[in-house]
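Everything below concerns the one structure shown next.
The first residue of the sequence shown is numbered 1, and numbering continues consecutively from there.
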Amino acid sequence: MSSTPEDSLESLAKARRLVLALLSQDRQPTPAEVQNAVTVIFGMLAGQGEVLDRDQLAKEIEVLTAVFQEGSSGLESSSGHEPWLPEAKNDRSWDFWERYRRYLEDVSNLPPLVVRRLDQSTDDVLSQLEDPRRVGSWRRTGLVIGQVQSGKTGQYIGLAAKAVDAGYQFVVILAGIHNDLRSQTQLRVDEGLLGFDTQHQQRSNQNGKSRLMGAGRMPGAKKLDIASPTNSSEKGDFGRQAANAVNFPLGRFPVVLVVKKHWKILEYLRTWVTEVQGTEDETGNKVVRDIPLFVIDDEADNASINTERDPDADPTRTNGAIRELMRSFEKSAYVGYTATPFANIYIDPDVDHAELGADLFPDSFIRTLPSPTNYLGPERVFGLQVDADDEEDVPPLPLVRPVEDAESWVPSKHKSSHTPSDDLPPSLREAIASFVLASAARRARGQVKVHNSMLVHVTRFTAVQGIVKDQVDDHLRLLVDSLRDRYGQAPQRMAELQALWERDFVPTTGHFTADEAQRLTWAEVSSQLLPALRKIVVKTVNGTSRDALDYYEHRRAGLSVIAVGGQKLSRGLTLDGLTVSYYLRASSTYDGLLQMGRWFGYRPGHEDLCRLYTTPDLQAKYIEVTAATDELRREVEEMAAVGLTPRLFGLKVRASSLGLAVTAANKMRQGTKVMLSYSGEGPETVIFNVADGVVENNLKVLGDFVQRLDGLTTADQEAPGASVVWGRVPSDPIVEFLSGYETDRMAQRVRPRFIAKYIEQCMAVGELPQWTVRLVGKRTTKDWQNVAGYNVGPVERTALNDVKAEGRYTIRRLLSPPDEYRDLDDPQVEAAKERTREAAARKKREKVPQSPSGEQIRWQRRPDQALLLVYLIERPATEDGPAQSPLVGFQLSFPESEHQSDTEYVVNSIWQKEGLDALDDDEEDGE
């Protein structure tokens, strides 16, 4: 029979394992299946004399099995890569991974499906690295995109565990630019991978008393040989002293280092390892040949980016130090992890420095990690309008509270000498009261020995943070004293807290759950107010304060803290049990805003108690950056679905309408701003997929389209072979045609689905009510193509590429320019010509244009004068074979929209190089 709390916890963990083992592993079990499995295991353990709380066990299993997570997706390049992982699964032991997997399930209590997804996603990444046993020289670079506070650290620890199992014997984890973030990451690595406390030993097999922790301390856990020259203390980074203290050999067992991302630290590390293990190459440089290097770059968009204007010039120091470390190993792999990949996508993939080699562009793969359904992320906090037919919008959770009274206390623009006024704004006093209520409510739910945190982030200046800390601390002490009735204020203060509870917390909890057990009474909460209050401490977290968020030291009793900070809280640092955030700190960039969102993450059993107090302006910016980030992630997933490689992936990031930059200016020197909208535009297909089935599909889609047009209006064709024209066509069949048309994966500038969505948006505001459709025909063509009963002469467009080798047909221009204005009346054509001449004169061109430009043609179009041109491109007989079915291409001529304004995007160099810009010179086909 269980006799101690530890025994009870062990019994509960065993019961969880047994119940989960009974349930289906490939789908989410039904509530009935969960209850049946709980009954079986509860009865079995009771028969063995182990007493458990059946309801608690059932509730834990229900929570664990309710979580769903999709698999990862990504772009991959097989260039220089040899597949190896399936075979290695059988010829190597995977002890580090199995120990870590068990740690996640039994100690961290991760839902089984989440652990399986982590297993799959780490396999996906590991398979794209090279086999560490592969001989010769190789280099792989990749990027993993997660979400802020979504478990990236746990994912890359799992990846590192598999990497050392596979044979990577030198693992370097680059953990941010601050000591406390490096220390926090080292502690997570100690617990999950190393299995021992690095503050007391360097190697697991070290003689003397062993300080096991985390995965190494589990009952029956294997003791695995692994070492770390760095430790989890604040000063535990690598340097000369750490190098001199290393007393174990390299190359016989895995060595893992967690280092700060600083060029000097990296230089110490490179010098040490090359002196110990390097041999001179033909140039006289020392290279490590027999040990494969694996670099994991946490927050890879921070400090790792080369911010020099000329990407081929000497790079910035930290970027150069990472590249030099990679180049010092004959075999190396690099994986960057970030939630904000905006800076990484602007790295030029073609840079090749004479001494440092290629930049850190993710040449080998880019993968996205979907978050599980229990992740409280930007989409759930701020809501998301999804621009896709197959998905629903995500409504915002009722957790954000407006702050409109803080400007006189800490202005949005202030100096380091600013002194906040003595009175805290009412919104901050309410936020503190909400934190007290949330802490008390968690205690009332049985969450007693847990961490509770509140974030106050209102300034970047440490002096101002110190004043704010003192003011918050004074207010908290006053609250404690008043509840103790020291000044006869207890009834009034309790009434205020009760009013806030009933006004805010009761309806919010009701939004989250219908479970009466979650709905606490005021009596239950109020009884825990003083115990919750007494436990709270106030600390500043910045580079000059001596305060530390020592969650690990308080892991048994739980730490309750109000953290007042700035820059150090804005990237990577985790606030355990964060419930209430008071955030006023503006950021000028997407990635800055997202990284400051420390309130994102996992809040098991207390999502409904979380609050974010911020300004309406910041809330609007978060809504915008959430949409831009979601669009970027969708683009990666879409391009992954069609098998694109990173080097061929033209990436664009939607720019802000509220004045935000995508990322810091020096990180996007290789990015270019472009305006993307179809208002007044003329998108045309110039790249065609000629793979089996695609050409035939597009011909069928065209035939179905023509039949539908015939059912709506009367066609006009002057002679066989000539163009067929339909007038007064509604938008619906145009959308249907575009939705069925299959484009080439390289034709990213012409995305039929996006164009169809734009047309639907215009229809919603009464624009584009009717179209002219012209199926362009060339009478003089000998071999006509029959399209739904019409004989049409295909046009000639010469391929600019090796069609057979590339599997695609690329042309310079589809449009014959006069086709774009044949449907306009004479005054419109003359006006377009005149404006074209005026534009040429302003640009001081010597040649006077005789025909109107496409831009001016579209400018003259009325909202009801949209045009769709469809062309058949002939593929005549060649020496290699007979004539083939013609290609179907299209061009749309959109009028200016009064409602659909341009969206600005920042694009990378690959996007700029894609496709071929339409030229102004005429290429006419007579009918």
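- In the model, Thr122 has no side-chain atom that pairs as donor or acceptor with a side-chain atom of Tyr156 under 3.5 Å.
- Side-chain atoms of Tyr613 and Ser434 include a donor-acceptor pair closer than 3.5 Å.
- Listed here is the closest heavy atom pair of Leu437 and Phe505: CD1-CE1, 3.8 Å.
- When every heavy atom of Ser412 is checked against every heavy atom of Glu407, the shortest pair comes out as N-OE2, 3.1 Å.
- A donor-acceptor pair under 3.5 Å links the side-chain atoms of His451 to the main chain of Leu559, judged by distance alone.
- No side-chain heavy atom of Leu397 sits under 4.5 Å from any side-chain heavy atom of Phe382.
- Side chain to side chain, Asp297 and Tyr337 fail the donor-acceptor criterion of an N or O pair below 3.5 Å.
- Taking the side chain as every heavy atom from C-beta outward, His606 and Cys610 approach each other to under 4.5 Å.
- A donor-acceptor contact shorter than 3.5 Å links the side chain of Gln447 to the backbone of Gly605.
- For the pair Ile366/Val144, no side-chain contact is recorded, criterion being any heavy-atom separation below 4.5 Å from C-beta on.
- Here the side chains of Asp617 and Lys621 are in contact, with some heavy-atom distance below 4.5 Å.
- Considering all non-hydrogen atoms of both residues, Val525 and Ala440 come closest at O-CB, 3.8 Å.
- The distance from atom OG1 of Thr615 to atom OH of Tyr622, rounded to the nearest 0.5 Å, is 10.0 Å.
- A distance-only check finds no donor-acceptor pair linking the side chain of Thr579 to the backbone of Phe435 [under 3.5 Å].
- Interatomic distance, Arg116 CZ to Glu105 CD, rounded to the nearest 0.5 Å: 9.0 Å.
- Here the straight-line distance linking atom CG of Asp298 with atom CD1 of Ile173 works out to 8.5 Å at 0.5 Å rounding.
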(message) Run Phe512 and Leu399 through side chain to side chain contact (heavy atoms under 4.5 Å, CB included) and show every step you take.
(response) CA-CA 11 Å; Phe512 275 80; Leu399 302 178; 3.8 Å; yes
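- Side-chain contact of Ser526 with Gln498: a donor-acceptor pair under 3.5 Å is absent, judged by distance alone.
- Taking both residues in full, the closest heavy atoms of Val564 and Gln465 are given as CG1-O, 3.6 Å, listed atom of the first, atom of the second, then distance.
- At least one side-chain heavy atom of Glu76 sits less than 4.5 Å from a side-chain heavy atom of Arg367.
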(request) Starting from the C-alpha separation in whole Å, work towards a yes-or-no answer on side chain to side chain contact (heavy atoms under 4.5 Å, CB included) for Arg442 and Gln528. (result) CA-CA 9 Å; Arg442 293 193 71 191; Gln528 296 294 331; over 6 Å; no
(message) I'd like to know whether Trp522 forms a side chain to side chain contact (heavy atoms under 4.5 Å, CB included) with Leu497, so could you lay out the CA-CA distance, the side-chain angles of the two residues, the decisive distance to 0.1 Å, and finally the verdict.
(response) CA-CA 10 Å; Trp522 173 243; Leu497 289 169; 3.9 Å; yes
(message) Could you go through Arg445 and Asp608, starting from their C-alpha distance and side-chain angles, then the distance that decides it, and tell me whether this counts as salt bridge (Lys or Arg N to Asp or Glu O under 4.0 Å)?
(response) CA-CA 12 Å; Arg445 287 177 180 170; Asp608 59 312; 2.8 Å; yes
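- The shortest non-hydrogen separation linking Glu524 to Arg519 is OE1-O, 4.5 Å.
- The side-chain heavy atoms of Leu369 and Ile145, taken from C-beta on, include no pair separated by under 4.5 Å.
- The cationic group of Arg401 does not satisfy the cation-pi geometry with Tyr582, failing either the under 6.0 Å distance to the six-membered ring centre or the 45° limit from the ring axis.
- Expressed to the nearest 0.5 Å, how far CD1 of Ile536 lies from CE of Met454 amounts to 9.0 Å.
- To the nearest 0.5 angstrom, Leu159 atom CG is 14.5 Å from Lys152 atom NZ.
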(request) Check the pair Leu143 / Val335 against side chain to side chain contact (heavy atoms under 4.5 Å, CB included), numbers first and verdict last. (result) CA-CA 5 Å; Leu143 180 68; Val335 178; over 6 Å; no
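- Residues Ser427 and Asp405 have side chains that bring a donor and an acceptor to within less than 3.5 angstrom of each other.
- Looking at every heavy atom in both residues, Arg16 comes nearest to Asp106 through NH2-O, 3.6 Å.
- Looking at Val537 and Ile562, their side chains never come closer than 4.5 Å, going by heavy atoms from C-beta outward.
- The backbone N or O of Leu578 sits less than 3.5 Å from a side-chain atom of Arg603, completing a donor-acceptor pair.
- Proximity of Asp504 to Arg611: side-chain heavy atoms (C-beta onward) are separated by under 4.5 Å at one or more points.
- Going from atom CD of Gln155 over to atom CG of Asp119 covers 10.5 Å, rounded to the nearest 0.5 Å.
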